[in-house]
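Beneath this line is the structure, given in structure tokens, with notes to follow.
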Amino acid sequence: MATNPIRVGSGSEKMKLKSLLLRYYPPGIMLEYEKSGELKTKSIDLLDLHPSTDVNALVEEIQRAEPLITASRSDQVKLLIRRLQEKLGQHSNHKFSLFKVLRAHILPLTNVALNKSGSCFITGSYDRTCKVWNTASGEELLTLDGHRNVVYAIAFNNPYGDKIATGSFDKTCKLWNAETGACYHTFRGHTAEIVCLSFNPQSTLVATGSMDTTSKLWDIQNGEEVFTLTGHSAEIISLSFNTLGDRIITGSFDHTAVVWDTETGRKVYTVIGHCAEISTAMFNWDCSMVLTGSMDKTCMLWDATNGKCIATFTGHDDEILDCCFDYTGKLIATASADGTARVFSAATRKCITKLEGHEGEISKISFNPQGNRLLTGSSDKTARIWDAQTGQCLQALEGHTDEIFSCTFNYKGNIIITGSKDNTCRIWH
Amino acid sequence: MGLLSILRKLKSAPDQEVRLLLLGLDNAGKTTLLKQLASEDISHITPTQGFNIKSVQSQGFKLNVWDIGGQRKIRPYWRNYFENTDILIYVIDSADRKRFEETGQELAELLEEEKLSCVPVLIFANKQDLLTAAPASEIAEGLNLHTIRDRVWQIQSCSALTGEGVQDGMNWVCKNVIAKKK
């Protein structure tokens with residue numbers, strides 16, 4: 001059983017545990033503790049937890065590794081782990097049906113994103129706005145107006161969800177209050193379209209990636225640029241932070257991905273091996289591996305500590321347009337322009353199953369948080385739900401009248417939002 | 001197509017790739033022209049609420065053609081697509097005489113756009129298959145095309161429906177692309 005506690009140093013005697021919280025996806029226990037009068041949190045990841053795991057043995061192991069979990073806490077921890085096991089046992093077999101069609105924008109949508117609770121979601125559009133929607137009612141809550149060109153990349157600062165960042169073809173990024181729609185900052189400095197962005201997990205920084213070949217980190221408090229990450233020789237089209245927030249990876253049309261230190265803005269290493277443009281680059285949950293998908297029809301797995309290639313996933317007949325890890329990092333899914341998707345095991349690097357059924361290229365793929373389902377979006381105007389183990393297509397979400405550009409699960413895995421070139425978005429329950 | 005492909009078509013194209021921007025009023029026949037160029041079925045075309053992109057091979061070039069919806073409420077968004085345009089193709093419904101003034105006004109505004117400055121413009125006097133269609137010469141005069149001095153331009157009569165004249169226009173496009181890319 002691999003637990004992954006953050007090491008407690010010599011100051012451990014000054015640390016006092018305040019409360020224990022459950023985290024369902026990926027399974028883990030969050031520790032809120034006080035250190036030198038300051039409230040801090042850390043997590044014990046239980047990525048290998050299974051309904052059949054021996055709870056007593058696991059808690060002993062946790063206690064050995066984590067001084068904050070004292071003997072007096074062990075019953076409480078056992079209870080929490082049993083709750084997690086129960087949750088894992090309830091594999092999501094949710095059947096989705098159309099809840100609402102939102103005539104969201106007057107021009108095609110780009111991306112969609114949900115906040116962590118799923119209470120609201122956002123849509124970006126060619127009509128230069130980003131809109132905020134109430135997921136339960138389908139009501140439009142806010143229009144974030146101000147960009148002078150396509151709003152392409154959008155994000156909530158999850159898990160907090162009180163801020164929204166929008167990246168536009170107008171070369172700027174804007175930071176908004178998710179509640180009132182007030183614009184806090186406009187980040188200026190890129191010299192070409194902004195096409196990807198992300199908040200760091202601490203929600204202190206926004207990272208933007210641009211067609212100008214650079215990526216920038218911005219301070220969300222004072223609105224200042226913190227670093228410009230230079231080194232790519234072509235457009236940056238994908239970026240993501242690792243779970244800790246100390247590293248960021250950028251994927252570029254220059255065929256490489258680069259891992260950067262977010263504290264210094266320095267390059268840590270470049271992953272070189274693909275022979276065409278990168279489409280996606282990301283870390284797994286425990287920050288041990290990096291995954292890249294490429295137009296060279298392959299996906300590659302890399303050791304996140306040194307950037308050495310661990311495995312190459314082949315089999316697709318056309319470009320990989322998207323790829324992802326499941327929440328625990330055990331499974332990898334690839335989506336291709338050949339109209340199929342595949343699931344691989346991160347441990348054995350073997351192909352587990354092939355998802356066949358779409359009648360057009362698949363441009364988006366994601367796991368549900370439980371890891372037993374996959375969601376794909378395609379140019380054939382459907383989104384599909386698949387069994388991640390057998391590859392069986394369980395549902396086709398039909399109704400859009402043009403291709404689907406984006407689709408996503410909420411954190412609970414019981415709501416799907418699809419965004420399309422047909423100017424609408426749809427909520428599926 | 002997908003968002004990623006759109007990004008790839010957005011960047012300044014390599015030598016053998018050309019970005020063509022297809023504009024004009026609603027119902028001018030832009031999408032029909034696009035499908036005619038791509039040799040696709042043109043029997044079920046509905047008003048474009050956004051954009052369509054097709055890539056066509058011609059004379060050794062890969063022509064990435066962007067067809068943008070022309071309805072009044074979405075015309076302010078034409079500007080989204082100006083970047084890196086190699087050739088502007090402006091389509092006119094030659095039979096819709098009462099909108100000549102409107103289409104002339106839109107064209108004049110496009111020619112003022114900084115991001116389209118010096119971009120060669122091909123004007124398709126479309127729908128010549130209709131009996132009521134005005135000849136290209138009349139349209140050229142009505143639109144004062146002879147006053148265009150800051151770029152090369154051409155007016156070509158055509159029927160996107162039958163395909164007549166379309167290839168002549170594309171030959172002009174390729175000729176000017178060669179001149180531009182040199």
Side-chain angles (χ1 to χ4, degrees), chain A residues 103 105-111 124-128 147-153 168-171 192-193 195-196 211-213 234-238 251 253 277-280 293 295 319-322 335 337 360-364 377-379 401-406 419-424, chain B residues 1-15 17 19 21-23 25-26 30-31 34-35 38 40-41 44-55 62 64-85 109-110 113-116:
Chain A
R103 312 262 157 222
H105 292 273
I106 63 165
L107 286 174
L109 272 70
T110 51
N111 285 294
S125 169
Y126 270 75
D127 71 11
R128 304 175 187 160
H147 281 296
R148 290 160 183 232
N149 210 322
V150 180
V151 175
Y152 189 86
S168 167
F169 284 4
D170 72 6
K171 307 168 189 174
E193 295 88 345
V195 297
C196 48
M211 301 290 276
D212 71 9
T213 79
E235 295 80 357
I236 293 175
I237 38 71
S238 170
F253 280 171
E277 293 95 324
I278 302 290
S279 47
T280 326
M295 306 293 182
E319 299 167 343
I320 308 270
L321 301 176
D322 196 16
E361 61 180 44
I362 306 177
S363 58
K364 283 275 153 44
S378 165
S379 60
T401 59
D402 208 332
E403 63 180 295
I404 293 181
F405 277 164
S406 45
S420 165
K421 190 162 171 280
D422 70 9
N423 306 356
T424 74
Chain B
M1 175 65 52
L3 288 176
L4 198 61
S5 318
I6 293 176
L7 291 188
R8 266 201 294 178
K9 291 201 159 49
L10 205 67
K11 60 180 206 174
S12 46
D15 287 352
E17 272 191 51
R19 181 175 156 110
L21 186 60
L22 215 52
L23 296 176
L25 302 189
D26 47 300
K30 297 179 291 299
T31 306
L34 179 78
K35 297 217 168 187
E40 287 180 18
D41 176 36
H44 300 97
I45 291 174
T46 53
T48 303
Q49 306 288 339
F51 57 86
N52 301 295
I53 311 172
K54 303 241 177 256
S55 294
K62 184 181 178 191
N64 296 318
V65 192
W66 292 61
D67 156 38
I68 315 298
Q71 287 162 58
R72 186 180 284 279
K73 67 166 184 189
I74 56 178
R75 275 179 230 158
Y77 299 91
W78 282 356
R79 209 170 296 134
N80 288 358
Y81 310 89
F82 289 169
E83 211 92 36
N84 297 323
T85 297
E109 284 177 26
L110 285 171
E113 288 286 348
E114 196 193 321
K115 280 185 181 153
L116 294 176

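A, B, ... follow the sequence lines: proteins, then strands. Residue 1 opens every chain. Side chains are part of it too, since the values below use all heavy atoms of this structure and drop only hydrogens, waters and symmetry mates.
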Between CG on residue A:L107 and NZ on residue B:K73, distance to nearest 0.5 Å: 8.0 Å

Please identify, among A:I106, A:N111, A:V150, the residue contributing the most non-hydrogen atom pairs under 4.5 Å to chain B. A:I106

Side chain B:Q49, main chain A:D422, donor-acceptor under 3.5 Å: no

Can you check whether B:G2's main-chain N or O pairs, donor with acceptor, with A:K364's side chain at less than 3.5 Å? no

With only heavy atoms counted, which part of [X] is less than 4.5 Å from chain B, the side chain, the backbone, both or neither?
X: A:F253; result: side chain
X: A:F169; result: side chain
X: A:D322; result: neither
X: A:N149; result: both
X: A:S279; result: both

At their closest point, which heavy atom of B:F51 faces which heavy atom of A:K421, and how far apart are they? O-NZ, 2.6 Å

What is the minimum heavy-atom distance between B:L3 and A:T110, and which atoms define it? CD1-O, 3.5 Å

State, with a plain yes or no, whether a side-chain heavy atom of [X] is found less than 4.5 Å away from one of [Y].
X: B:S5; Y: A:E319; value: no
X: A:R128; Y: B:N80; value: yes
X: A:Y126; Y: B:I6; value: yes

In terms of heavy-atom proximity below 4.5 Å to chain A, should B:Y81 be classed as side chain, backbone, both, or neither? side chain

Could you look at B:E83 and say if it's the side chain, the backbone, both or neither that has a heavy atom under 4.5 Å from chain A? side chain

Stepwise side chain to side chain contact (heavy atoms under 4.5 Å, CB included) test for A:M295 and B:L4: CA-CA 10 Å; A:M295 306 293 182; B:L4 198 61; 3.2 Å; yes

Could you go through the side chain to side chain contact (heavy atoms under 4.5 Å, CB included) check for A:M211 and B:L10 one step at a time? CA-CA 9 Å; A:M211 301 290 276; B:L10 205 67; 4.2 Å; yes

